[in-house]
Trainee: 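This structure is in structure tokens; I'll ask about it shortly.
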Amino acid sequence: RLRLRDLTGLQPVSVFKLGQELFGVNLPHIREFIDYKQITPIPCTPSWVLGNINFRGEVITIFDLRNLFNLPIALFRQSGKAIVINVEGTVAGILIDEIHDIFMMNPKDILDANQGDNEAGQSYLQGVIPYQDRILSLINLTSILEQGGLLIDEAV
């Protein structure tokens, strides 16, 4: 029997798949999980900017993070799954293949990202954590938005 005090200090993490890799994001950064039906490509943007969607009257830009982690880039699809994030007032969507799980993580169990299998993109990771029989890479969304080049401040 689980008691509330047993959860003290634990943080909720959403686990999702990109290809065969598992990644985690702190649940408070996630606004919602969505299926989008139509994406409008944006001309003159990097390949990882898939386009915009109109979601309940709000325009949300969808990104593919695979290039940051040296994973094969997804083929362009008009529809798919995404996680809508809100990080310090910046709302965006991250393309995912599948929502895998939500679990409670003990922050004390986080290991240095250098101990993971995927060396690419370590600067965009909060760390790694043992998860089931694998190593789960925890994404640092603030770092990705600030340093990963996802925010475009240039006029075209």
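Quick note: numbers below take in every heavy atom, side chains included, and nothing from hydrogens, waters or symmetry partners. In what follows, residues are counted from 1 in the order of the sequence shown.
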Trainee: Could you tell me whether the side chain of Asp101 reaches within less than 4.5 Å of the side chain of Gln132, counting heavy atoms only?
Mentor: yes
Trainee: Leu138 and side-chain contact (heavy atoms from CB on, under 4.5 Å): which single residue from Ile110, Asn26, Val128, Leu125 fits?
Mentor: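 When side-chain contact (heavy atoms from CB on, under 4.5 Å) is applied between Leu138 and each of Ile110, Asn26, Val128, Leu125, only Ile110 qualifies.
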Trainee: Near Gln20 CD, under 6.0 Å, is it more than 12 heavy atoms from other residues, nucleotides or ligands?
Mentor: no
Trainee: Looking at Pro107 and Gly9, what are the two nearest heavy atoms and their distance?
Mentor: CD-O, 3.2 Å
Trainee: So, does Asp64 use its side chain to make a donor-acceptor pair with the main chain of Arg66 at under 3.5 Å?
Mentor: yes
Trainee: Kindly indicate whether the side chain of Val84, heavy atoms from C-beta on, has any atom under 4.5 Å from the side chain of Glu58.
Mentor: no
Trainee: Between the main-chain N or O of Gly19 and the side-chain N or O of Asp97, is there a donor-acceptor pair closer than 3.5 Å?
Mentor: yes
Trainee: Hey, does the side chain of Thr45 reach the backbone of Ile42 with a donor-acceptor pair shorter than 3.5 angstrom?
Mentor: yes
Trainee: With the 4.5 Å side-chain cut-off for hydrophobic clustering, are Leu141 and Ile129 part of the same group?
Mentor: no
Trainee: Kindly work out whether a path of hydrophobic side-chain contacts (I/L/V/M/F/W/Y, heavy atoms less than 4.5 Å apart) joins Ile99 to Ile102.
Mentor: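 Same hydrophobic cluster.
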Trainee: What's the separation between atom CG in Leu71 and atom CG in Leu65, rounded to the nearest 0.5 Å?
Mentor: 9.5 Å
Trainee: Could you state the interatomic distance from CG (Leu22) to CZ (Arg134), rounded to the nearest 0.5 Å?
Mentor: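 Spacing of CG (Leu22) from CZ (Arg134) equals 4.0 Å.
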Trainee: Which word best sums up how the rings of Phe69 and Tyr124 line up, parallel for under 30°, tilted for 30 to 60°, or perpendicular for over 60°?
Mentor: perpendicular
Trainee: In this structure, would Leu95 and Ile34 fall into the same cluster of hydrophobic residues linked by side-chain contacts under 4.5 Å?
Mentor: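 Both belong to a single hydrophobic cluster.
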Trainee: Hey, quick one: are Phe16 and Ile144 part of the same hydrophobic cluster, counting side-chain heavy atoms closer than 4.5 Å, chains of contacts allowed?
Mentor: yes
Trainee: Using 0.5 Å steps for rounding, measure from the NZ atom of Lys81 to the CD1 atom of Ile94.
Mentor: 15.5 Å
Trainee: How long is the span from the CD atom in Gln126 to the CG atom in Leu111, to the nearest 0.5 Å?
Mentor: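 Rounded to the nearest 0.5 Å, the CD-CG separation comes out at 11.5 Å.
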Trainee: Just verifying a value: how many Å separate Gln11 CD and Asp109 CG, rounded to the nearest 0.5 Å?
Mentor: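 Those atoms lie 11.0 Å apart.
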Trainee: Does the plane of the ring in Trp48 sit parallel, tilted or perpendicular to the ring in Phe63? Use 30° and 60° as the thresholds.
Mentor: tilted
Trainee: If every non-hydrogen atom of Pro12 is compared with every non-hydrogen atom of Pro28, which pair is closest and at what distance?
Mentor: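 Shortest heavy-atom contact: O-CD, 4.1 Å.
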Trainee: If we only count heavy atoms from C-beta on, is the Tyr36 to Asn52 side-chain gap below 4.5 Å?
Mentor: no
Trainee: How about Leu136 and Phe103: do any of their side-chain heavy atoms sit closer than 4.5 Å?
Mentor: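 Heavy-atom side-chain distance check passes, below 4.5 Å.
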Trainee: Distance check, rounded to the nearest 0.5 Å: His100 atom NE2 versus Tyr131 atom OH?
Mentor: 4.0 Å
Trainee: Minimum heavy-atom separation for Gln38 and Ile53, please, with both atom names.
Mentor: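 Shortest heavy-atom separation between Gln38 and Ile53 comes out as O-CG2, 3.4 Å.
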Trainee: Is there a path of hydrophobic side-chain contacts, each under 4.5 Å between heavy atoms of I/L/V/M/F/W/Y residues, joining Val15 to Ile85?
Mentor: no
Trainee: What are the two closest heavy atoms between Leu27 and Ser14, and how far apart are they?
Mentor: CD1-CB, 4.0 Å
